[in-house]
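Taking it in order: structure first as structure tokens, then the write-up.
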Amino acid sequence: VGFITPSVPFAERWIIRMKHIILIDLYLAVSYQVMEKTDVVIEVLLCNMEDGKRLCEKYPDRIKRMLSVKELEEQESVLELDCNAIEEARGVQQKIETQLRRYLTDMNLVKLRYYRGLSFWLGVFRSCEIDGVINIGANHGQLYDGLPVYYAALKKIPSYSFQPFGYKQNFIYDETNQCFVQSTGKNCLNSIPELLKSAGGKYDVYHLQWDEGYTNRGLISFVYKKFGMHTLDLLRAIFLDHSFSKRRELTATSFTSSYTERRKSYRYVKKLERYLKNLEEDPNFSEKYLYLPLQCVPEGRNLNLMVDSQIVLAKMAAEVLPDGWKVYVKEHPHQYIVDNRAKYYYLNFIENFKSKDFYESIKKIPNVSLIKRNVSSEELMNHSKGVVSGLGSVLFEALLADKPMIICDKCHPLAKYKEILRGFEYNGLKNSIEAIKNGYQPDYSDVVKFLDNYVVNEKNGTAENTIRLIMGQ
């Protein structure tokens with residue numbers, strides 16, 4: 001219902017079984033099952049787990065090469081580069097360089113790392129007959145996922161990403177044909193509240209799991225809970241690293257920085273938050289307005305949206321508003337909660353992504369108001385005429401509240417649901433807002449049934465559907 005199918009049926013597009021693939025499975029979610037239940041040859045396995053080495057030892061003839069993200073980014077050769085290949089990859093270059101700026105400041109080093117990554121993947125595709133690329137995770141537009149997925153799609157090679165959909169669930173996106181793939185295994189979802197819960201909680205509630213390695217270790221646990229991640233980071237720099245300038249990894253995907261750099265970003269964030277408070281204003285619930293919540297930046301998936309400028313999205317919405325209407329913009333509740341293990345890496349060079357000018361630019365847009373963060377999102381949504389967003393739990397909150405919703409990113413399964421309005425471009429956004437003005441009221445009664453065709457349960461559905469794709473079923 002409401003699903004826009006490609007012109008050629010799935011079974012006719014991919015009728016051949018995959019024999020040689022690239023598998024991006026950083027945490028070995030499916031690799032063991034794939035090796036046990038298929039005869040596929042993995043030409044490159046991207047994996048950050050030590051168990052990956054044991055898997056390679058068990059199947060030496062079928063796993064040709066295994067790399068971690070760090071090892072990929074340390075590839076030195078650029079021998080595979082040529083002008084045609086560089087031009088072909090322009091469509092993904094900006095996204096990858098934007099991601100690299102999360103932990104590199106020198107653009108010369110950003111470009112060097114990009115071109116080394118491009119050369120590596122060109123060598124893989126040129127030396128092997130690749131039948132498919134499968135990415136077990138979101139396509140963040142990084143060297144390890146954005147480049148192989150993009151290049152495969154460019155060459156019309158089957159390419160899929162298992163995009164996150166809430167907590168421990170995902171959906172399969174066909175990157176080559178830019179459409180969704182129906183999953184096997186129904187009844188992953190039962191209700192809209194369950195959808196909302198899987199997306200991370202209701203409205204402004206912030207759920208972060210304490211890292212077990214920090215909560216079960218005596219003094220470290222005490223410091224972490226009492227004073228936060230930044231204080232713990234300082235003590236580590238003094239007593240373990242014996243240096244404020246030593247760079248170390250913050251995540252498994254090569255985020256590196258020194259304490260000095262993180263301290264600078266931490267102070268920057270605190271100043272920026274104080275500056276934002278001076279620009280925010282109280283809402284006027286007697287006004288007619290659309291609610292546009294900002295995304296948490298820098299976050300990999302948010303930087304890879306179709307409309308990846310939140311200023312531009314606010315401006316587009318404001319320019320097509322009916323007379324007397326406004327756009328209420330509110331900062332993401334997670335944006336300034338960074339003093340903890342789960343979000344600490346967001347500090348890395350955050351000044352490259354948000355600044356005083358960012359908020360000033362939004363504030364200057366006619367008919368746009370920057371709303372105080374302590375105002376409940378539930379209240380803002382209930383008094384609004386509709387919601388404008390690309391992704392996030394706000395989409396599920398709108399479903400629960402039966403509010404008209406304009407989705408601005410086509411790489412989300414809700415974008416295919418018949419009751420959802422679309423704002424993929426200027427005219428689409430204009431027509432959707434006009435529909436809301438004319439009293440459009442969605443009926444979300446069958447949304448769970450619709451999504452259940454595409455949502456995959458991470459526990460067992462991901463491996464099952466990966467094998468199905470490899471087998472060409």
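Because only heavy atoms are used, hydrogens play no part in the values below, and waters and symmetry mates are left out as well, while side chains stay in. Bear in mind that the values here come from a model prediction, so they are computed numbers and not experimental data.
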Can [X] and [Y] be counted as an ion pair, charged N to O under 4.0 angstrom?
X	Y	value
K410	E425	no
K315	E319	yes
D233	R263	no
E261	R247	yes
E280	K277	no

Is the shortest heavy-atom distance from the side chain of [X] to the side chain of [Y] under 4.5 Å?
X	Y	result
T105	V110	no
Y444	M405	yes
K330	L380	yes

For R267, all residues meeting salt bridge (Lys or Arg N to Asp or Glu O under 4.0 Å), sequence neighbours excluded: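 For R267, no residue satisfies salt bridge (Lys or Arg N to Asp or Glu O under 4.0 Å) once neighbours in sequence are set aside.
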Any residue meeting salt bridge (Lys or Arg N to Asp or Glu O under 4.0 Å) with K155, in chain and number order, not counting sequence neighbours: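 K155 satisfies salt bridge (Lys or Arg N to Asp or Glu O under 4.0 Å) with E88 once adjacent residues are dropped.
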Are the side chain of [X] and the backbone N or O of [Y] linked by a donor-acceptor pair below 3.5 Å?
X	Y	value
R422	L429	no
D145	H140	yes
T176	S159	yes

Test salt bridge (charged side-chain N to carboxylate O under 4.0 Å, His left out) on K372 and E281; report intermediate values, then the result. CA-CA 5 Å; K372 290 181 178 179; E281 57 186 274; over 6 Å; no
Distance-minimising heavy-atom pair for V447 and Y417: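 Closest heavy-atom pair between V447 and Y417: N-OH, 3.4 Å.
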Grab the two heavy atoms, one from A401 and one from N382, that are nearest each other, plus how far apart they are.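 Looks like CB-OD1, 4.0 Å.
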Sequence neighbours excluded - salt bridge (charged side-chain N to carboxylate O under 4.0 Å, His left out) pairs with any residue from residues 347-356: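 Only E331-K354 qualify under salt bridge (charged side-chain N to carboxylate O under 4.0 Å, His left out).
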